[in-house]
Amino acid sequence: MKEIEAGGEDHVLIQVAEVYDLALSVLTAAGLSQTQARPVARVIADCERDECRSHGLLRLPGCVSTAQHSKFVRDAEPVLENVTPAVVRVDARNGYSLAAFEQGLPVLEQKAKALGVAVLAINNCFHFSALWPEIEAICTRNLVGLAMTPSHSWVAPAGATRPIFGTNPLAFGWPRTGRQPYVFDFATSVMARSDIAMAKLKGTSIPEGCGVDIDGNPSTDPARVLEGAMWSFGGHKGAAIATMIELLAGPLIGDLTSSESMAYDGGERAAPFHGELVIALDPKLLGNGQDELNQARAEQLFAGFTDQSARLPSERRYAARARSDTQGVHVPKSLYNRILAIAETGVDPRDKL
Ligand code: NDP
């Protein structure tokens, strides 16, 4: 470990493997079984490596406190059900979604490659994660992937001020021959809630148009927007996509909406509890027998970005990954010390403030 100063803040420089080990030891000390702890530690390390800091070590204290929720099952073993030739369901049994995804992925792959399309429905999960790691895992198996979840009801539709749906992430991935896949993954709110929370921590304001305060007045104060309501991106269009996600990853698969997730939480302020919908498509079976031509068409589309020096989603992550794999990752020293304190005492020093 090396200490450095960057951006006016002290940081420690650690290797990606150390991030994983640190996260795993903290989660295990919090009582999580290996089935539950390992995939969460993996996502935290992957997000730190790809400089997706909102789902990196910063979220580890939240993962620990979610695991203390009265309804969380720390040693949950997901249960898989083959519903139809095209549908696999995994009941997370009140553990994290990631353990359920890990179990469902091989069956999703096998079904999609047999039928051209397959659906993985995850139920009864506490949800901490960026969705891109799951989508990348699907693309690595030469499948196209789509994933979505509700969250807690923090977001109001365009023209309204009362939150009724979540920050509802949506992610999509396309496998590319000889290259890392094209992946996008975003919250359907203007800003991800974790980014607003980070602005609050740093004492900075957020851009106009992200949300309203508790009285329904537009605000750039992150604390006030966190108390009030966030807005979905793109006005009524983003609100419609968020609504679709509520329906597809909620009632369609027999699981909770974001409002129901919030009620289920009962004020304990844990991660959302609901379902997740994952769809895999096989380009070989759907491509009308012209796999190579179809790949070339897709590449032409991507070249339309790079030819103009426009940013292709996921390229920033891959560049960060290459850097982190050789140089390690910079973690703010205050966060690092906070996590070490949780690992040693089981108590978040922030809780004492
Ligand atoms: P961002 O707005 O940071 O990024 C969204 C996507 O757009 C990424 O794929 C990113 O690629 C790409 N992108 C960003 N900026 C540009 C640009 N200027 N030009 C082209 N592409 C761009 O994501 P969000 O803040 O909305 O979401 C962050 C994460 O939070 C996601 O991983 C999401 O899954 C997660 N989340 C999870 C929730 C949950 O309940 N589990 C709820 C809400 C969000 P790149 O990755 O290369 O930067």
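Counting starts at 1 for both ligands and their atoms, in listed order. Heads up: numbering here begins at 1 and tracks the sequence.
No close placement of the Phe128 and Phe126 rings is indicated, their centers lying 6.0 Å or farther apart. In this structure, Phe273 has its ring center at least 6.0 angstrom away from the ring center of Phe72.
Closest of all the heavy-atom pairs between Leu24 and Thr28 is O-OG1, 2.5 Å. Contact between Ala242 and Thr188 at its shortest, heavy atoms only, is CB-OG1, 3.7 Å. Closest approach of Asp282 and Asn142 over heavy atoms only: OD1-O, 4.3 Å.
Below 3.5 Å of separation, one finds no N or O of Asn168 facing any N or O of ligand 1. Taking only nitrogen or oxygen atoms, main chain and side chain alike, Asp185 reaches within less than 3.5 Å of ligand 1. Taking any N or O of Phe186, backbone or side chain, none lies under 3.5 Å from an N or O belonging to ligand 1. Remark: ligand 1 and Ser54 share no N or O pair separated by less than 3.5 Å (distance only, no angle test).
Close approach of ligand 1 to Phe184 (heavy-atom distance below 4.0 Å) involves ligand atoms 9 (O). The atoms of ligand 1 that sit less than 4.0 Å from any heavy atom of Ala192 are 25 (O). Using a 4.0 Å cut-off to heavy atoms of Asp195, the atoms of ligand 1 that qualify are 25 (O). Listed by atom number, the atoms of ligand 1 under 4.0 Å from Ala130 heavy atoms are 32 (O), 34 (O). For ligand 1 and His127, the ligand atoms under 4.0 Å from any heavy atom of the residue are 41 (N).
Salt bridge absent: Glu51 and Arg317 never bring a charged side-chain N and a carboxylate O closer than 4.0 Å.
Taking a 4.0 Å cut-off on heavy atoms, Met191 fails to register as neighbouring ligand 1. Within the structure, ligand 1 lacks Cys52 among the residues with a heavy atom less than 4.0 angstrom away. Under a 4.0 angstrom heavy-atom cut-off, Ala171 registers as lying outside contact with ligand 1.
The closest heavy-atom contact to atom 43 (C) of ligand 1, among the options Thr149, Thr167, Asp50, Val43, comes from Thr167. The closest heavy-atom contact to atom 10 (C) of ligand 1, among the options Arg311, Arg316, Glu315, comes from Arg311.
Checking atom 7 (O) of ligand 1 against the protein gives no heavy-atom contact under 4.0 Å. The nearest protein heavy atom to atom 18 (N) of ligand 1 is closer than 4.0 Å. Contact annotation for atom 2 (O) of ligand 1: protein absent (non-hydrogen atoms, distance under 4.0 Å).
Between the side chains of Gln36 and Asp75, no donor N or O sits under 3.5 Å from an acceptor N or O. Between the side chains of Thr257 and Glu260, at least one donor N or O sits under 3.5 Å from an acceptor N or O. Residues Thr35 and Glu77 bring a donor and an acceptor atom of their side chains to less than 3.5 Å of each other.
The aromatic rings of His152 and Trp154 sit perpendicular to each other, their planes meeting at more than 60°, with 30° as the lower class boundary.
For atom 11 (O) of ligand 1, the closest non-hydrogen atom on the protein side is Ser314 N, 3.4 Å.
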Might you work through the salt bridge (Lys or Arg N to Asp or Glu O under 4.0 Å) test for Arg42 and Asp46, ending with a clear yes or no? CA-CA 6 Å; Arg42 178 79 275 141; Asp46 287 355; 3.3 Å; yes
